[in-house]
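See below for the structure under consideration.
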Amino acid sequence: IVEDEDPFVSTCTNRFERDVLCNSINDRIDWTMKLQRKDLTYCPASCRTCKNYDYFDSNAADVFGRGFYSHDMNGTMYYNDGDGHRLKIHYDNYGNLYDEDRNPIHDQDGNWIFDPSLMHPTTPYEMQTFYESVHCARDFGRIQNIWKTGDNDRMYERILRDFSQYSPTVLSRPEDSDYASSRTAKDNPDVGVGPWLIQLENFLTEEECDEMIAQTKIAIEGDDTTWAGIANDTEATQMGGVCQSTQAWCDPDHCMNQEILQESWSKIEDLVDIPFATHAEPVHFIQYVPGQKYGSHTDAIPDEYDSMYGPRLFTILFYLNDVDDGNGGQTCFPKIERAYPDASNSTVFQEPICVQPKKGRAVIWPNILNEIPDDRVEIPDDRTWHEAHGITEGYKFASTVWYHLRNFSYAEDIGCTNIYTDGGDYIEYGYDYDDFDDDGYAYEGEGGDSYDEEDEDSNSFVTSNYVGHDDEFDELPVAYT
Ligand SMILES: O=C(O)CCC(=O)C(=O)O
Ligand SMILES: [Fe+2]
């Protein structure tokens, strides 16, 4: 039973929500502990969330055959038998109903009354879905957005104004920004029009870059990969071949705590003016060897939009080593419009904007639009799709910092970021029925062997982040004149 002092519970004033709903969830959590999810010892995030799970409002005459059941505001369930009797009732994991003395309740045909809407999820997949939808639902009342409409533009403008030490270059900017008024696509064909895209030089020091490379290698090669969502070549193939690099997340307990990297984190926090510890995802590392590339994709993950921690506001990509011009490795933005008038004043399109990897260089771009309607419905910015060209020799090391609209570390603390924190497990447990046996238990071992296109809809992380389609390139940008 939950404790009143629990801050999560105190927001749930209705005993029904607290005791009936929360206990029913807790019952189920036990036997899914093998999934290594955090135990749910408190009420779902808020009463608002609980209300979505108000099973008991309906008149259930059709289930009972006669009479109906109901609940009072204290959360006690009643069976109204149609003969004027109102009995307290209970139910079990299978939705079977019991009277106050825990005897089965039968309908007039002698069948034990059962309500499927009360049935507990039976497979880890169902459990996981239920757990996440209730426990990890967005809580509008208590979890605030860190940005409002306009903050997106303001950040890039502030970077241009206040961070000359990084020699910022504008690769693209909104048509109507203050900055744009002095430069248009016409008089500066190199500048893209649409989303912000800013390049910064020497943002990370040599030492910081080397440390990140060292940490990337530890995450990829070492045993200590507790927080490493490694997507290797084999899995890349399963992901539709888009992401053919080796990737890992910086372990919050080790990698993120490295002394030398504290300076990097604080520089990033100064740059974007949003708390790093709360709103940034643990840093993501990428290693490329010849033959590997990263196909066109967006860093915006649709399923995150309604999540507790919200979408990725922007991406800061850091290059950790130099890659010579001729050796590939560029990050390109094929959808950003870049145009200039030719002799006859009609519009000519240029090649996509590309950035060459250079040690310490950073590029920053938005993943959501400047407008945040109602301060709650965020819109992904589809213009910042990007791809990384393959390299022809050596290595390319890069890292990405993703900031979220809402508090990521809070969501992490209460077990609501498992698509990240379980790392490689997201494939093993990746919402994939095929990974569970008939009794609903996850198969031992590697898992992830059954990922295929059909699973896309049910596997939010893998598909929405990594699976892009080459025909994205077929859309010509809209002319800008
Ligand atoms: O390596 C690059 O240039 C791009 C990496 C990237 O797009 C990502 O990590 O999401
Ligand atoms: Fe990306």
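Just so you know, ligand 1 is whichever comes first in the structure, and atom 1 is the first atom listed for that ligand.
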Below a 4.0 angstrom heavy-atom separation, can you tell me which part of [X], side chain or backbone, both or neither, approaches ligand 1?
| X | result |
| --- | --- |
| Q330 | neither |
| D299 | side chain |
| F397 | neither |

[Y] six-ring centre to [X] NZ/CZ under 6.0 Å and within 45° of normal:
| X | Y | value |
| --- | --- | --- |
| K358 | Y319 | no |
| R173 | W196 | no |
| K293 | Y288 | no |

(message) Between ligand 1 and W402, is the shortest N or O to N or O distance under 3.5 Å?
(response) no
(request) Flag the pair D151 and K148 as a salt bridge only when some basic side-chain nitrogen lies within less than 4.0 angstrom of an acidic carboxylate oxygen. (result) no
Which ligand 1 atoms does [X] reach within 4.0 Å, using its non-hydrogen atoms?
| X | result |
| --- | --- |
| H284 | 9 (O) |
| T331 | 2 (C), 3 (O) |
| Y288 | 1 (O), 2 (C), 4 (C), 5 (C) |
| T400 | 9 (O) |

(request) May I have the angle between H297 NE2 and D299 OD1 with its vertex at the Fe ion (ligand 2), rounded to 10°? (result)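 Once rounded, the angle between the two atoms at the Fe ion (ligand 2) is 90°.
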(request) Would you check if F408 and E281 make a side-chain contact, meaning some heavy-atom pair closer than 4.5 Å? (result) yes
(message) Contact between T400 and F318 at the side-chain level, heavy atoms closer than 4.5 Å - yes or no?
(response)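 In short, these two side chains do not touch, never coming nearer than 4.5 Å.
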(message) Contact between ligand 1 and E387 is defined here as a heavy atom of the residue under 4.0 Å from a ligand atom; is it met?
(response)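 E387: no contact with ligand 1 (<4.0 Å).
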(request) Name the orientation class of the two ring planes belonging to W365 and F333 (parallel below 30°, tilted from 30 to 60°, perpendicular beyond 60°). (result)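 Rings of W365 and F333: perpendicular, as their planes differ by over 60°.
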